[in-house]
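Only heavy atoms go into these numbers, but all of them, side chains included; no hydrogens, no water, no symmetry mates.
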Amino acid sequence: MDPEELFNEDGNSAKPKKESPLISLERDLKFFYESIREVAVEIMVEGLSNYPIFIAHQHELNLGELILDRNDLNTEWSIHASTLEEFVDKGVIKPVLKDRFIKSYKDPYEYMCLFVVVPEGANFVYYPYPKQ
């Protein structure tokens, strides 16, 4: 038991713990996944790229094309569609690391490749599409 809990008679912490942004992202992805999968397939079928990347963010962003706007959809996250090629062109992925990215890229029919941007930084996450 933490010392703060000893002094708090009703058992509630004075400061509620903040929910991880990844929990709200997962909630939104369950709502978004069909649209994301559709765009991923379209990117590949149209020959734009074999490596679609979706950028999840809660801010303004100048990368990719906005496909799901949190303000319009009343969600916490917006999603932009992009590609490996754009990430290399814009310097997000260094050209010398392109092959490493391709080797680690998961099946785009099974997983969405997300570039999750939070105030602390950004990272790639592969999130499985729900089984149908």
Side-chain angles (χ1 to χ4, degrees):
M1 182 175 270
D2 292 329
E4 294 81 16
E5 292 176 302
L6 293 171
F7 298 114
N8 193 346
E9 295 176 359
D10 65 1
N12 291 329
S13 167
K15 296 178 187 174
K17 289 186 179 178
K18 190 175 179 187
E19 180 182 76
S20 166
L22 296 180
I23 292 172
S24 65
L25 175 58
E26 184 172 29
R27 194 170 36 244
D28 285 357
L29 289 176
K30 288 177 181 174
F31 178 67
F32 291 156
Y33 82 90
E34 287 179 6
S35 298
I36 292 173
R37 179 184 279 161
E38 205 173 283
V39 172
V41 169
E42 192 175 302
I43 287 170
M44 293 181 293
V45 167
E46 289 184 6
L48 299 173
S49 178
N50 289 324
Y51 307 99
I53 299 172
F54 296 93
I55 305 136
H57 63 91
Q58 296 176 313
H59 313 88
E60 294 302 313
L61 197 64
N62 190 17
L63 184 63
E65 183 179 321
L66 180 65
I67 60 167
L68 298 163
D69 187 341
R70 67 189 182 104
N71 298 314
D72 292 345
L73 298 169
N74 199 27
T75 58
E76 293 188 44
W77 293 82
S78 291
I79 306 292
H80 283 222
S82 185
T83 62
L84 168 61
E85 292 77 7
E86 181 183 15
F87 269 57
V88 172
D89 289 346
K90 297 248 177 138
V92 179
I93 295 175
K94 295 178 183 171
V96 297
L97 298 176
K98 181 179 175 182
D99 287 341
R100 184 189 303 174
F101 180 86
I102 289 170
K103 286 178 186 168
S104 68
Y105 192 86
K106 293 190 177 195
D107 181 351
Y109 293 97
E110 298 291 325
Y111 294 87
M112 58 183 89
C113 176
L114 295 165
F115 187 65
V116 182
V117 180
V118 293
E120 297 78 25
N123 212 341
F124 286 98
V125 175
Y126 289 92
Y127 189 78
Y129 292 112
K131 300 288 181 209
Q132 295 181 349

Closest heavy-atom contact between [X] and [Y]?
| X | Y | answer |
| --- | --- | --- |
| L66 | L68 | CD1-O, 3.6 Å |
| P52 | Y105 | O-OH, 2.5 Å |
| P108 | M44 | CG-SD, 3.4 Å |
| E76 | R70 | O-CD, 3.3 Å |
| L48 | E85 | O-OE1, 4.3 Å |
| W77 | V117 | CZ3-O, 3.7 Å |

[X]-[Y] co-clustered via ILVMFWY side chain contacts under 4.5 Å:
| X | Y | value |
| --- | --- | --- |
| I93 | L61 | yes |
| F32 | L114 | yes |
| F124 | Y111 | yes |
| F87 | I67 | no |
| L73 | I55 | no |

* For this output row, return yes or no: ring centroids of Y51 and F101 closer than 6.0 angstrom. =>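 No; F101 has its ring centre 6.0 Å or more from that of Y51.
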* With sequence neighbours excluded, tell me which residues meet side-chain hydrogen bond (donor to acceptor under 3.5 Å, both in side chains) with Y127. => E26
Once you round to the nearest 0.5 Å, how far does [atom1] of [X] lie from [atom2] of [Y]?
| X | Y | atom1 | atom2 | value |
| --- | --- | --- | --- | --- |
| D107 | C113 | CG | SG | 12.0 Å |
| Y109 | R37 | OH | CZ | 11.0 Å |
| D28 | I36 | CG | CD1 | 9.5 Å |

* With a 4.5 Å heavy-atom cut-off, do I102 and N50 have their side chains touching? -> no
* Is any side-chain heavy atom of L63 closer than 4.5 Å to a side-chain heavy atom of H80? -> no
* Residues, nucleotides or ligands: over 12 heavy atoms within 6.0 Å of N74 CG -> no
* Asked: Is the NZ atom of K90 crowded by more than 12 outside heavy atoms at less than 6.0 Å?
  ->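 Yes - once you tally the heavy atoms of other residues, nucleotides and ligands closer than 6.0 Å, there are more than 12.
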